[in-house]
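The structure presented is a predicted model; accordingly, all values stated were derived computationally and were not measured. No hydrogens, no waters, no symmetry mates; every other heavy atom, side chains included, goes into these values.
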Amino acid sequence: MEMAAHHTDSGSMASYLVPWLLITVLLAAYIGAVIQQKRAAKHWSNWRTGGFILGCGLLIVAMSPELVKYAHHDLRGHMIQHLLVGMLAPLGLVLAAPVTLALRALPVHASRSITAILKSKPVHLLSHPVTALLLNVGGMYVLYLTPLYSLTLTTPSLHHLVHIHFLLAGCLFVWAIAGPDPNPNRAGKYTRLAVLFLSMAAHAYLSKFMYAYSWPRNTPHDIEQIQEAAQLMYYGGDFAELLLAVAFFAGWYRRRKSAAYRLQEV
């Protein structure tokens, strides 16, 4: 019994220590690149640096022992984790322009390799807003309206894969809609805006459906808990998507202002 308990404790520790280590390495690499830019007397926005730190901080909170334990047995805790990992942290991480920073900090041959990847057909397909929408919001529909969520409660590896999916899908969606990093095949602004509004509607519909019909089914969660989790999804999702909309229009305004300035210089 003692050995079993020790094994469980070790597994629990690993569930947040490993993510914390990976997040710390990622943050250290970003800050190291920023320091390199400063030493080379090259400008890098403090806002972007702050955004990346905030994004990593939100991931660390999401993987904290208290929230991990809460999310394991309570759908409300799970929903808070999902909002942090899949919607809020990606905003900070992607709007910090990590790819642009990498292109400036890495050797020329490495930068060319990254550029070639960005121009590849698979990335072109993945970076389309519709694809990003299907992976991001579509993934939520699959998780909560199929037996997948119930399986994550008893299968730790699947549980971790779901979190990884939502983090990557969230980052992809932010990049496709309003990411400042280079995207050679970026869709037009009206297409991106339409997909953003569609995402808002799809997200709101899912949360209302969960509230009204008590999904996900066949779980240990009672109706009240499911409804409160659905409300968290509804209002938390609105907040995250509002921030994304602000980022979209801010980027649009900056590009128009820059284009007008260049026109005056001609």
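- Partners of L158 under the side chain to side chain contact (heavy atoms under 4.5 Å, CB included) rule, at least two apart in sequence or in another chain, are L148, L151, T152, T155.
- Among residues two or more places apart in sequence or in another chain, the side-chain hydrogen bond (donor to acceptor under 3.5 Å, both in side chains) test is passed with T100 by D181.
- Taking the six-membered ring where the residue is Trp, the centroids of H221 and Y149 are separated by under 6.0 Å.
- H165 pairs by the ring pair (Phe, Tyr, Trp, His ring centres under 6.0 Å) definition with nothing, not counting sequence neighbours.
- Proximity of a side-chain donor or acceptor of W175 to a complementary backbone N or O of S127 within less than 3.5 Å is not detected.
- Counting only distance, with no hydrogens or angles, the side chain of H73 and the backbone of K69 share a donor-acceptor pair below 3.5 Å.
- Residues satisfying the salt bridge (Lys or Arg N to Asp or Glu O under 4.0 Å) test with D238, not counting sequence neighbours, are none.
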Please report, to 0.1 Å, the donor-acceptor pairs under 3.5 Å made by any side chain of residues 48-59, with sequence neighbours excluded.
residue	atom	partner	partner atom	Å
R48	NH1	L95	O	2.7
T49	OG1	S45	O	3.3

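- Judged as a side chain to side chain donor-acceptor pair (under 3.5 Å), the pairs with a partner in residues 194-220 (not counting sequence neighbours) are, in order, S199-E241.
- Hydrophobic clustering, defined by side-chain heavy atoms of Ile, Leu, Val, Met, Phe, Trp and Tyr closer than 4.5 Å, leaves L242 isolated from every other such residue.
- Legend: residues meeting side-chain hydrogen bond (donor to acceptor under 3.5 Å, both in side chains) with Q37, ordered by chain and number and at least two apart, are R104.
- K189 places no side-chain N or O within 3.5 Å of a backbone atom of F248 that could act as its donor or acceptor partner.
- Under the 4.5 Å side-chain heavy-atom criterion for ILVMFWY residues, a single connected hydrophobic cluster contains both I117 and L106.
- Y30 has its side chain out of reach of L26: every pair of non-hydrogen atoms, C-beta onward, lies at least 4.5 Å apart.
- M233 pairs with exactly one of L206, L83, L75 by the side-chain contact (heavy atoms from CB on, under 4.5 Å) rule, that one being L206.
- Atom CD1 of I223 has 12 or fewer heavy atoms from other residues, nucleotides or ligands within 6.0 Å.
- Under a 4.5 Å side-chain heavy-atom cut-off, the cluster of Ile, Leu, Val, Met, Phe, Trp and Tyr residues that includes I164 is completed by L168.
- Y141 places a side-chain N or O within 3.5 Å of a backbone atom of A202 that can act as its donor or acceptor partner.
- S111 contributes a side-chain N or O that, together with a main-chain N or O of L103, makes up a donor-acceptor pair within less than 3.5 Å.
- Note on residues 75-85: pairs passing side chain to side chain donor-acceptor pair (under 3.5 Å), not counting sequence neighbours, are D74-R76, R76-E228, H78-Y144, Q81-H163.
- R192 is linked by a salt bridge (Lys or Arg N to Asp or Glu O under 4.0 Å) to nothing, counting only residues two or more places apart in sequence or in another chain.
- Connectivity analysis of hydrophobic side chains (ILVMFWY, heavy atoms under 4.5 Å, direct or indirect) links Y234 to Y235.
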